[in-house]
Amino acid sequence: QVQLVESGGGLVQAGGSLRLSCAASGRTSDGYAMGWFRQVPGKEREFVAAISRSGGVPRYADSVKGRFTISRDNAKNTVYLQMDSLQSEDTAVYYCGAAKTYYSGSNRSAYDYWGQGTQVTVSS
């Protein structure tokens with residue numbers, strides 16, 4: 001079992017930056033592929049970014065490519081999402097997910113564990 005806790009969300013003006021963190025605890029020694037998703041009320045949770053167990057193969061949704069960067073520090077059991085040039089359309093609750101595979105990409109159903117989410121609000 002793995003527990004995930006996101007942090008770093010908040011209110012920011014358009015054009016600003018935020019860095020989200022997702023700390024994993026529990027049975028982290030197995031290693032997990034990690035991903036970030038986001039959700040707004042009334043819509044499905046959508047893919048934002050993913051990274052492999054080793055920290056390679058970063059992949060991004062087209063809507064965030066060039067603005068967001070996913071990374072991980074396996075020594076700290078933490079994955080990050082650096083968000084730059086934020087836009088009002090980025091407003092959402094951001095969730096991190098962990099998958100018991102090497103890499104799960106944008107396949108939401110492949111993720112086994114989820115955090116509770118952190119709110120990101122971008123004011124225009």
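These numbers come from the heavy atoms of this one structure, side chains and all, not from hydrogens, waters or symmetry mates.
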Look up atom [atom1] in [X] and atom [atom2] in [Y], then write down how far apart they are to the nearest 0.5 Å.
X    : Y    : atom1 : atom2 : result
M83  : D90  : CE    : CG    : 7.5 Å
N77  : M34  : CG    : CE    : 9.0 Å
S106 : E46  : OG    : CD    : 11.5 Å
T118 : Q116 : OG1   : CD    : 7.0 Å
K65  : S63  : NZ    : OG    : 9.5 Å
S88  : Q13  : OG    : CD    : 12.5 Å

Are any of the side-chain heavy atoms of [X] and [Y] separated by less than 4.5 Å?
X    : Y    : result
V57  : I51  : no
C22  : W36  : yes
Y113 : Q1   : yes
Y80  : T69  : no
Q119 : T91  : yes
V93  : V120 : no
L86  : L18  : yes

Using a distance-only test with no angle check, is there a side-chain donor-acceptor pair under 3.5 angstrom linking [X] and [Y]?
X    : Y    : value
Y102 : S54  : yes
T101 : S104 : yes
T78  : D73  : no

Check: Does F37 have its ring centroid less than 6.0 Å away from the ring centroid of Y111?
Finding: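 Yes, they do, as the ring centres are separated by less than 6.0 Å.
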Notebook entry, point to check: In terms of hydrophobic clustering (I, L, V, M, F, W, Y; side-chain heavy atoms under 4.5 Å; direct or indirect links), are Y103 and F68 co-clustered?
Noted result: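 No, because Y103 and F68 fall into different hydrophobic clusters, even though each may have its own neighbours under 4.5 Å.
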Counting only N and O atoms by type, is there a donor-acceptor contact under 3.5 Å from the side chain of [X] to the main-chain atoms of [Y]?
X    : Y    : value
R59  : G105 : no
E6   : G117 : yes
R53  : A99  : no
R108 : R45  : yes
D84  : S17  : no

Taking all atoms of both residues into account, what is the closest heavy-atom pair of [X] and [Y], and its distance?
X    : Y    : result
I70  : P58  : CG2-CB, 4.0 Å
Y95  : G115 : CD2-O, 3.6 Å
S123 : L11  : CB-CD1, 4.3 Å
A49  : L81  : CB-CD1, 4.1 Å

Next item on the list: Could you check V79 against Y32 for side-chain contact (heavy atoms from CB on, under 4.5 Å), going step by step and ending with a plain yes or no?
Entry: CA-CA 11 Å; V79 64; Y32 297 85; over 6 Å; no
Next item on the list: Would you check, one step at a time, whether the test side-chain contact (heavy atoms from CB on, under 4.5 Å) holds for F47 with R38?
Entry: CA-CA 7 Å; F47 171 72; R38 64 188 182 187; over 6 Å; no
Next item on the list: Starting from the C-alpha separation in whole Å, work towards a yes-or-no answer on side-chain contact (heavy atoms from CB on, under 4.5 Å) for Q82 and S71.
Entry: CA-CA 8 Å; Q82 177 66 41; S71 62; over 6 Å; no
Notebook entry, point to check: Going through the distances and angles, do Y94 and Q39 end up as a side-chain contact (heavy atoms from CB on, under 4.5 Å)?
Noted result: CA-CA 7 Å; Y94 284 71; Q39 189 170 22; over 6 Å; no
